[in-house]
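Here is the structure we will look at, set down as structure tokens.
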Amino acid sequence: MSILVFIEQRDGRVRAVSREALGEATRLAAALGGPVVGVCPAATDPGLAALGEAGAERVLLAAHPAFAAYDAAGYARAVAVAAETLKPALVLFGASTMGRDLAPRVAARLGAGLASDCIALAVEGGRLVASRPVFAGKALQKVAFPKAPALATLRPKVFAPVALGGRSAAVEPLAVDFDAAASRAKVLRVAAAGAGKVDLTEAEVIVSGGRGMKGPEHFQLLEDLAAALGASVGASRAVVDAGWRPHSEQVGQTGKTVSPKLYVAVGISGAIQHLTGMTSSRCIVAINKDAEAPIFKVADYGIVGDLFEILPALTEAVGKLNAHA
Amino acid sequence: MIQVVCVKQVPDTETRVKVAADGRNLDPAGVTWVLNPYDEYAVEQALRVRDQQGGGEVVAVSVGGPGVLSALRNVLALGADRAIHLRTDLAAPDPLSLARALAAELRGLGAGLVWFGKQAVDDDQAQVGPMTAELLDLPCATMAAAFTLEGEKVIVEREIEGGREVVELTLPAVVTAEKGLNEPRYASLKGIMAAKKKTIEEKPAELGEPGLEVVALVLPPPRAAGRIVGQGPQAVAELVRVLREDAKVL
């Protein structure tokens, strides 16, 4: 039995989630057996041979001019064809916006079960069990798969990639019968959110603001700290609902679930729907004037006080650190 | 045009999750059930399309036990024309089974647009919309943050990592709604009264074999309590020190 990994590329670059999925596939290959094989729909080869170092033994390249942009139907067909040929025990995707769109379509084509946004995979009593947060992280659901293949999308930044120095993957063509002209869904364009802006789900460091920021005009203080830390800016639901910040920045149950290395919550009291979106962060810092705020119950480190005094001081201190680095 | 909105009844987002005696499901005791928040955006957009077109029909569909009737009544009160209840006694069918049951029903409905919320806030799978689209061989755009209908085409904007993807679909099509797609309306008293006279047709759900088996539902271990490093801006130096030396994140 093999493990098949969907290799996600945008603009000719393989995404980090795919290296994370290859890493987990490599670890599971010992228990499930079989080679780790990638499948990559793309217009041209985005340097797939180099994925040998990330754990792929082979990568099937489904090359088609229409695959320069994401095409759900075409990509689903390519991954399903690869799965039908290889008959893998497991098919992995990154739980990126593309993976979360694509995997259900592949699962429906294969008539297979899919576990979304997994944070752990394990072989227990001879069968694969996937652990995934439900109720926005208030509980963890463990699921098994009655029939092969098992499909899973993996939450970004949870699974570690591997580095197998000097290994190269064999790149093989995969023929996919796909008529782009007949396609009823077309990506017209992708508008970038702004140069150098890292999405919250991919950010190493996040600085989030809540109602304690007192108004949209004060978010410049957070932007300054974010710039010093190389962080992305997040927001609480209250702030998004008030129209201070866009929904793309919302962290929590009806926003994004994030797992950065460092999460700084500023002026956020810590409503349960916010906490569920960020408690898988490695280190949490809270800055709040109310020492009783629930955010301090999940924070590793806290400062109680006026954020309008603390933020500039923190930005300056981090700036000095950078200057000495 | 006929539009179908597929909705789910979920525990309110403020619910404290407790595990049932079977160790695999949510303990329903004391849970307040609501229409899935993302479904509200889907319902709203379908109603707006109907208004824009000056007619047509909005049909609400839900799979589940008798509990889903209140979610369907809710959608009827918001303005949907009729509802279909695909009945099952299973507490929580898996996404593939749900998609099969919905696809079987949708085959006969002749819908031009099929709407879903981008995910249900209970199991957070975000699968049923795109699975249903695939089973029906329909184009699909998930996580729609903006929507326009132009003749036989729809233009959908989706938030992706670091930007927005603009997708054009040819009808019939499936769209799943993200928060922010619109500002959902509240049910009016008149709407609630009118909903009582609208029909909810009941049929058995054709679920088929499940794709997943739930083995366990567990509560995550609580995070260890942290510490307050100090008060006010004087504490910043100590914070930076612990972040560098102890947590090693700076």
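What you see is a predicted model; the values in this text were computed from it and never measured. In what follows, chains carry the letters A, B, and so on, assigned in the order in which the sequence lines appear, proteins first and then strands, with residues in each chain numbered from 1.
Contact of the B:Val229 side chain with the A:Ile303 side chain is registered, since non-hydrogen atoms from C-beta on lie closer than 4.5 Å. Residues A:His247 and B:Leu181 fail the side-chain proximity criterion, which asks for heavy atoms closer than 4.5 Å. At a threshold of 4.5 Å between non-hydrogen side-chain atoms, the residues B:Ile160 and A:Met98 do not count as touching. Residues B:Val167 and A:Leu188 are not in side-chain contact: their nearest non-hydrogen atoms beyond the backbone lie 4.5 Å or more apart. Between A:Lys142 and B:Val214 there is no side-chain heavy-atom pair separated by less than 4.5 Å. Counting heavy atoms from C-beta outward, B:Val215 and A:Val143 have side chains that stay 4.5 Å or more apart.
Under a 4.0 Å N-O distance rule, the pair A:Arg127/B:Glu213 qualifies as a salt bridge. One finds a salt bridge joining A:Asp101 and B:Arg158 here, because a Lys/Arg side-chain nitrogen approaches an Asp/Glu carboxylate oxygen to under 4.0 Å. Here A:Arg100 does not pair with B:Asp124 in a salt bridge; the nearest charged N to carboxylate O distance is not below 4.0 Å. At a threshold of 4.0 Å, the pair B:Glu165-A:Arg10 counts as salt-bridged, since one of the basic side-chain nitrogens sits closer than that to a carboxylate oxygen.
With hydrogens and angles ignored, the 3.5 Å screen pairs a side-chain donor or acceptor of B:Gln127 with a backbone N or O of A:Leu114. Not a single donor-acceptor pair under 3.5 Å links the side chain of A:Tyr301 to the backbone N or O of B:Val240. Judged by distance alone, the side chain of A:Lys138 and the main-chain N or O of B:Thr15 form a donor-acceptor pair under 3.5 Å. Under the 3.5 Å distance criterion, the side-chain polar atoms of B:Arg244 are left unmatched by any main-chain donor or acceptor of A:Leu321.
Note that NZ of A:Lys186 is 5.5 Å distant from CD of B:Glu168, once rounded to the nearest 0.5 Å. In this structure, A:Arg132 CZ and B:Leu212 CG are separated by 8.0 Å, a value rounded to the nearest 0.5 Å.
When heavy atoms are compared at a cutoff of 4.5 Å, A:Ile272 approaches chain B solely by way of its side chain, counted from C-beta outward. Neither the backbone nor the side chain of B:Glu238 comes within contact range of chain A; no heavy atoms are under 4.5 Å apart. Proximity to chain B (any heavy atom under 4.5 Å) is restricted, for A:Ala299, to the backbone atoms N, CA, C and O. Proximity to chain A involves both the backbone and the side chain of B:Asp137, based on heavy atoms less than 4.5 angstrom apart.
Between the side chains of A:Thr201 and B:Glu161, not a single donor N or O lies within less than 3.5 Å of an accepting N or O. A:Ser116 and B:Gln125 form a side-chain donor-acceptor contact under 3.5 Å, judged by distance and modelled atom types alone.
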- Query: When you look at B:Arg227 and A:Asp300, which way does the salt bridge (charged side-chain N to carboxylate O under 4.0 Å, His left out) test go after all the steps?
  - Reply: CA-CA 6 Å; B:Arg227 68 182 181 99; A:Asp300 298 283; over 6 Å; no
